[in-house]
Amino acid sequence: MGTENAAVNFSELVNKNKQTLARLQESPRLLLHRRDGEDLVLTTAARAEQDQTVVSAATRMLAAMARREPGSMELLLGILPDAFPWVRFLPEADLHAFAVELVDTMRAADSLGNSAAVAQLLIAWQHTAEVHSDPDLLAALTRDHGEDYGPVPDPRDTA
């Protein structure tokens, strides 16, 4: 049984559905390329449930580790650069805030069975690290620009 994901055009699923679906026996997922939209991933319900079980177990283990022992947060802070090399650009306080927010968000997302919030959190913190990695950009974004014009109105209120 292969471990690589197979890829086919969406039209193959429509036109040759039995042969295309049979490929799920050889691959855990089937990437469906679409001309007029975002690609899709097809898998079996059993495999999707297995994936969710693994993610949930890893999340619970990470959260338990981060909260169990007094030195465990330091351990987590020590391994984050291996998992996310870009954290090296974060200031120390931001690195700690990222670690806490990551664990908390993973726990909350796992309770919903939806990892979108975790993905968004990782993207946002990676962008923060990108800003810190570029001294010119950091200076431009943190420089005092003069008068503060107050809060920005919610664009939904202007419609």
Side-chain angles (χ1 to χ4, degrees), residues 3-8 10 27-159:
T3 57
E4 301 243 346
N5 293 331
V8 298
F10 185 79
S27 175
R29 285 165 206 80
L30 198 56
L31 178 63
L32 302 172
H33 295 294
R34 297 190 314 161
R35 276 184 277 156
D36 57 351
E38 187 176 359
D39 289 348
L40 302 174
V41 175
L42 183 65
T43 191
T44 64
R47 282 196 177 115
E49 187 175 332
Q50 289 170 350
D51 290 347
Q52 183 58 39
T53 299
V54 170
V55 169
S56 182
T59 296
R60 287 184 307 228
M61 289 172 39
L62 177 64
M65 182 199 78
R67 289 181 168 75
R68 175 150 290 188
E69 298 295 325
S72 61
M73 184 53 81
E74 286 72 28
L75 175 63
L76 178 59
L77 292 171
I79 63 173
L80 280 176
D82 291 332
F84 308 104
W86 47 262
V87 301
R88 288 175 173 84
F89 295 111
L90 293 174
E92 188 72 28
D94 284 358
L95 178 60
H96 191 271
F98 167 63
V100 170
E101 193 174 352
L102 177 62
V103 171
D104 290 346
T105 303
M106 288 177 70
R107 287 183 66 223
D110 180 55
S111 73
L112 297 173
N114 184 338
S115 60
V118 177
Q120 183 58 43
L121 174 90
L122 291 170
I123 291 166
W125 276 104
Q126 185 173 6
H127 288 316
T128 301
E130 288 176 56
V131 169
H132 284 285
S133 74
D134 183 338
D136 294 334
L137 181 58
L138 181 61
L141 293 174
T142 57
R143 180 177 67 239
D144 184 7
H145 293 281
E147 187 176 345
D148 183 353
Y149 296 103
V152 175
D154 188 327
R156 294 173 292 195
D157 294 339
T158 61

Nearest heavy-atom neighbours spanning [X] and [Y]:
| X | Y | result |
| --- | --- | --- |
| Arg88 | Pro81 | NH1-O, 2.9 Å |
| Leu80 | Ala99 | CD1-CB, 3.7 Å |
| Ala109 | Ser115 | CB-CA, 4.3 Å |
| His33 | Ala7 | NE2-CB, 3.6 Å |
| Thr128 | Leu90 | CG2-CD2, 3.9 Å |

Mind checking what makes side-chain contact (heavy atoms from CB on, under 4.5 Å) contact with Arg143, not counting sequence neighbours?
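If we apply the side-chain contact (heavy atoms from CB on, under 4.5 Å) test to Arg143, skipping adjacent residues, the hits are Ala140, His145.
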
Counting only heavy atoms not in Gln52, do more than 12 fall under 6.0 Å of its CD?
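Yes, because the 6.0 Å sphere around CD of Gln52 holds more than 12 heavy atoms from other groups.
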
Is there any ring-ring contact (aromatic ring centres under 6.0 Å, His included) pair reaching into residues 95-139, and which pairs are they, with sequence neighbours excluded?
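The answer is Phe84-Phe98, Trp86-Phe98, Phe98-Trp125.
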
Within the 4.5 Å heavy-atom criterion, are Val8 and Leu31 side-chain neighbours or not?
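Not in contact.
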
Is any side-chain heavy atom of Thr53 closer than 4.5 Å to one of Asp51?
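A side-chain contact under 4.5 Å is absent here.
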
Atom [atom1] in [X], atom [atom2] in [Y]: separation rounded to 0.5 Å?
| X | Y | atom1 | atom2 | value |
| --- | --- | --- | --- | --- |
| Leu30 | Thr44 | CG | OG1 | 11.5 Å |
| Leu62 | Asp110 | CG | CG | 11.0 Å |
| Met106 | Arg60 | CE | CZ | 11.5 Å |

Would you confirm whether [X], through its side chain, and [Y], through its main-chain N or O, come within 3.5 Å as a donor-acceptor pair?
| X | Y | answer |
| --- | --- | --- |
| Ser27 | Ala6 | yes |
| Asp39 | Arg34 | yes |
| Thr43 | Arg29 | no |
| Ser133 | Phe89 | no |
| Thr105 | Leu102 | no |
| Arg107 | Thr59 | no |

Leu141 and side chain to side chain contact (heavy atoms under 4.5 Å, CB included): which single residue from Asp134, Asp136, Val131 fits?
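Among Asp134, Asp136, Val131, the one meeting side chain to side chain contact (heavy atoms under 4.5 Å, CB included) with Leu141 is Val131.
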
